[in-house]
Amino acid sequence: MEKAEKYSTLIKEAESLIDKSVDDIANMANLSRLLHDHLHHHWIGFYRVVGDKLQLGPYNGPIACTSIVKGKGVCGHSWLHKKTYIVDDVHQFDGHIACSPLTNSEIVVPCIRNNEIYAVLDIDSTHFGMFDGDDQYYLEKIVALL
Ligand code: SME
């Protein structure tokens with residue numbers, strides 16, 4: 001299936017899944033599972049801003065680190081610089097936090113509300129160079145649904 005087609009189905013399902021009457025954690029739990037069902041990547045989940053750190057939120061995948069400092073790792077960079085990071089080879093990223101030895105590439109998308117980052121969506125792949133600008137485009141649309 002083409003990437004555009006795959007994401008278009010995913011976005012429709014995400015729109016009907018997200019429930020504005022519950023909190024972010026509930027919606028992130030279902031959304032991380034939905035993303036996993038459609039995209040099948042190694043690790044898909046959220047880190048939420050709690051105090052001065054990113055704290056592990058709902059995810060699908062292997063056990064992960066529970067907290068990340070601002071500016072550390074790919075997630076901390078995305079939070080600090082308020083932008084999506086696509087890393088083709090995590091082993092070349094200075095300060096990458098290796099939660100799983102099987103991860104080779106990664107995309108981190110900030111979740112922004114009222115101009116503030118309240119979480120990041122992190123997706124890890126066992127393949128090198130798995131993510132591109134199309135993934136960024138669609139994943140930014142998906143997190144904006146929250
Ligand atoms: N690799 C991330 C840490 C989170 S885990 O991949 C789930 C990072 O460098 O920020």
Side-chain angles (χ1 to χ4, degrees), residues 1-15 17-18 22-113 116-146:
M1 201 191 285
E2 288 284 317
K3 201 179 260 191
E5 199 186 329
K6 189 162 69 175
Y7 274 112
S8 140
T9 310
L10 174 50
I11 286 172
K12 281 197 196 91
E13 289 188 27
E15 279 168 347
L17 189 68
I18 288 166
V22 299
D23 68 12
D24 285 331
I25 296 177
N27 281 315
M28 286 171 177
N30 269 343
L31 190 53
S32 61
R33 184 65 214 184
L34 184 76
L35 287 162
H36 192 268
D37 285 348
H38 284 259
L39 304 175
H40 313 290
H41 294 305
H42 182 56
W43 197 95
I44 300 183
F46 292 88
Y47 279 88
R48 295 185 311 120
V49 175
V50 178
D52 61 354
K53 296 208 174 89
L54 286 173
Q55 185 174 293
L56 183 63
Y59 71 95
N60 274 258
I63 284 170
C65 59
T66 50
S67 90
I68 298 174
V69 172
K70 201 171 205 173
K72 297 287 175 197
V74 188
C75 293
H77 273 79
S78 175
W79 182 21
L80 179 64
H81 299 293
K82 276 194 174 178
K83 65 175 191 125
T84 295
Y85 273 74
I86 294 173
V87 181
D88 289 337
D89 178 354
V90 296
H91 312 290
Q92 304 301 321
F93 188 94
D94 196 17
H96 170 255
I97 301 163
C99 291
S100 161
L102 300 177
T103 295
N104 284 319
S105 65
E106 179 163 0
I107 184 168
V108 179
V109 180
C111 305
I112 301 170
R113 189 179 286 143
E116 287 290 316
I117 297 195
Y118 65 96
V120 297
L121 169 65
D122 181 16
I123 305 186
D124 297 348
S125 172
T126 55
H127 301 277
F128 289 97
M130 174 53 78
F131 307 104
D132 60 19
D134 290 340
D135 295 289
Q136 174 174 353
Y137 174 76
Y138 291 111
L139 291 169
E140 285 177 356
K141 273 185 180 299
I142 289 169
V143 300
L145 298 171
L146 282 168

Flag, side chain of [X] to backbone of [Y], donor-acceptor distance under 3.5 Å:
X	Y	value
D134	Y137	no
N27	D24	no
S78	K83	yes
N30	R33	no

Trace of the side chain to side chain donor-acceptor pair (under 3.5 Å) decision for H127 with N104
CA-CA 6 Å; H127 301 277; N104 284 319; over 6 Å; no

Worked verdict on D52 versus V69 for side chain to side chain contact (heavy atoms under 4.5 Å, CB included)
CA-CA 7 Å; D52 61 354; V69 172; over 6 Å; no

Working note: L31 + I142, criterion side chain to side chain contact (heavy atoms under 4.5 Å, CB included); need CA distance, chi angles, decisive distance, verdict.
CA-CA 9 Å; L31 190 53; I142 289 169; 4.0 Å; yes

Spatial distance of atom [atom1] ([X]) from atom [atom2] ([Y]) [nearest 0.5 Å]:
X	Y	atom1	atom2	answer
M130	L39	CE	CG	10.0 Å
I25	R48	CD1	CZ	3.5 Å
L139	F131	CG	CZ	8.0 Å
H77	H96	NE2	NE2	12.0 Å
H42	T103	NE2	OG1	4.0 Å

Measure the acute angle between the ring planes of [X] and [Y], then classify it against the limits of 30° and 60° as parallel, tilted or perpendicular.
X	Y	result
W43	Y59	parallel
Y138	Y7	parallel
H40	H36	perpendicular

Quick check: closest heavy atoms across [X] and [Y], and the distance to 0.1 Å?
X	Y	answer
V120	P110	CG1-CA, 4.1 Å
I68	W79	O-CZ3, 4.3 Å
S105	D88	CB-O, 3.3 Å
C75	D122	SG-OD2, 3.6 Å

Would you say that H41 contacts L35 through its side chain, given a criterion of any heavy-atom pair below 4.5 Å between the two side chains?
no

Please determine whether side chain to side chain contact (heavy atoms under 4.5 Å, CB included) holds for the pair T84 and E140, giving the CA-CA distance in whole Å, both sets of side-chain angles, and the decisive distance to 0.1 Å.
CA-CA 8 Å; T84 295; E140 285 177 356; 2.6 Å; yes

Working note: K70 + V49, criterion side chain to side chain contact (heavy atoms under 4.5 Å, CB included); need CA distance, chi angles, decisive distance, verdict.
CA-CA 9 Å; K70 201 171 205 173; V49 175; over 6 Å; no

